[in-house]
Student: 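If you scroll down you'll find the structure; I have some questions about it.
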Amino acid sequence: MDNLITRAEHEEFRRPIEEENKRQDRRLELLEHTVQQISDLTTSVEKLAISMEGMLREQEKQGRRLETLEDRDGAMWRKIVAYGATALIGIFIGYIAQQLGLN
């Protein structure tokens with residue numbers, strides 16, 4: 001019983017330990033809050049990735065449709081140019097035939 005400490009010594013030893021415990025509890029609360037925020041952010045990023053995938057698929061479909069429309073206009077233009085060239089060649093051949101007297 002020689003090693004007994006007084007009540008004042010006990011209080012002086014207990015007070016810093018309780019303060020450290022309060023500080024550690026506050027740090028744990030902040031850490032838990034941060035972990036929750038990270039979890040929420042992860043969920044949001046996952047939803048965003050899913051949404052982006054859907055948008056990518058839709059954009060690819062629209063790209064194919066646009067390419068089809070552009071090809072259709074291009075094919076029409078090439079057809080018009082071919083008819084025009086054929087008409088010009090026919091006129092030229094007709095003119096040459098007339099000059100040669102091949103009526």
Side-chain angles (χ1 to χ4, degrees):
M1 298 276 228
D2 292 337
N3 294 345
L4 295 178
I5 59 172
T6 64
R7 185 70 159 165
E9 289 174 327
H10 173 71
E11 288 298 319
E12 192 173 322
F13 180 74
R14 182 186 58 82
R15 202 173 311 119
I17 291 175
E18 284 183 357
E19 289 174 7
E20 180 65 17
N21 283 342
K22 287 179 184 176
R23 189 180 74 79
Q24 293 291 352
D25 288 345
R26 179 67 182 141
R27 289 180 66 199
L28 283 173
E29 286 175 15
L30 290 172
L31 183 60
E32 287 171 349
H33 180 70
T34 302
V35 167
Q36 182 61 42
Q37 286 178 328
I38 290 171
S39 175
D40 293 344
L41 182 62
T42 301
T43 302
S44 295
V45 168
E46 184 178 350
K47 289 178 183 178
L48 178 64
I50 291 169
S51 176
M52 294 290 289
E53 286 176 10
M55 288 172 56
L56 177 62
R57 284 191 296 272
E58 182 63 30
Q59 192 174 20
E60 287 172 347
K61 283 195 294 188
Q62 288 178 354
R64 287 190 296 269
R65 289 174 48 204
L66 180 63
E67 190 174 308
T68 301
L69 288 173
E70 287 173 345
D71 286 345
R72 186 180 308 161
D73 291 343
M76 203 58 155
W77 178 250
R78 285 188 293 275
K79 200 180 288 186
I80 290 170
V81 169
Y83 289 150
T86 303
L88 287 175
I89 291 171
I91 290 170
F92 180 72
I93 291 174
Y95 176 75
I96 297 293
Q98 185 180 16
Q99 293 300 321
L100 293 174
L102 297 176
N103 280 341

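These numbers come from a predicted model, not from an experiment.
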Student: Are there over 12 heavy-atom neighbours, none belonging to Gln99, within less than 6.0 Å of that residue's CD?
Tutor: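 Yes, because the 6.0 Å sphere around CD of Gln99 holds more than 12 heavy atoms from other groups.
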Student: Between CD1 of Ile17 and NZ of Lys22, what distance do you get to the nearest 0.5 Å?
Tutor: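 It is 13.5 Å, given to the nearest 0.5 Å.
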Student: Have Gln37 and His33 got a donor and an acceptor in their side chains that come within less than 3.5 Å?
Tutor: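 Gln37 vs His33: donor-acceptor pair found between side chains.
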Student: Calculate, to the nearest 0.5 Å, the distance between atoms CD and CZ belonging to Glu19 and Arg15 respectively.
Tutor: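 The CZ atom of Arg15 is 7.5 Å from CD of Glu19, to the nearest 0.5 Å.
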Student: How long is the span from the CG atom in Leu56 to the CD atom in Glu58, to the nearest 0.5 Å?
Tutor: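 Leu56 atom CG to Glu58 atom CD measures 10.5 Å (nearest 0.5 Å).
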Student: At what distance, to the nearest 0.5 angstrom, does CG of Asn21 lie from CZ of Arg14?
Tutor: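 One finds 11.0 Å between CG of Asn21 and CZ of Arg14.
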Student: Whether the side chain of Thr86 engages the backbone of Ala82 through a donor-acceptor N/O pair (distance < 3.5 Å, no angle test) should be reported.
Tutor: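 Such a contact is found between Thr86 side chain and Ala82 backbone.
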Student: When rounded to the nearest 0.5 angstrom, what is the spacing between OG1 in Thr34 and CZ in Arg27?
Tutor: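 If we round to the nearest 0.5 Å, Thr34:OG1 and Arg27:CZ are 11.5 Å apart.
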Student: Before accepting this row, confirm whether a basic side-chain N of the pair Arg23/Glu20 lies closer than 4.0 Å to the acidic partner's carboxylate O.
Tutor: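 So Arg23 pairs with Glu20 through a salt bridge.
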Student: Nearest 0.5 angstrom please: Leu48 CG to Met55 CE, how far?
Tutor: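 Here the rounded value is 8.5 Å.
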Student: Other hydrophobic cluster members with Ile93, side-chain heavy atoms of Ile/Leu/Val/Met/Phe/Trp/Tyr under 4.5 Å, chained?
Tutor: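 Besides Ile93, the hydrophobic cluster comprises Ile89, listed by chain and residue number.
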Student: So, the side chain of Thr68 versus the backbone of Arg64: is there a donor-acceptor pair under 3.5 Å, distance only?
Tutor: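 Yes; judged by distance alone, with no hydrogens or angles, the pair exists.
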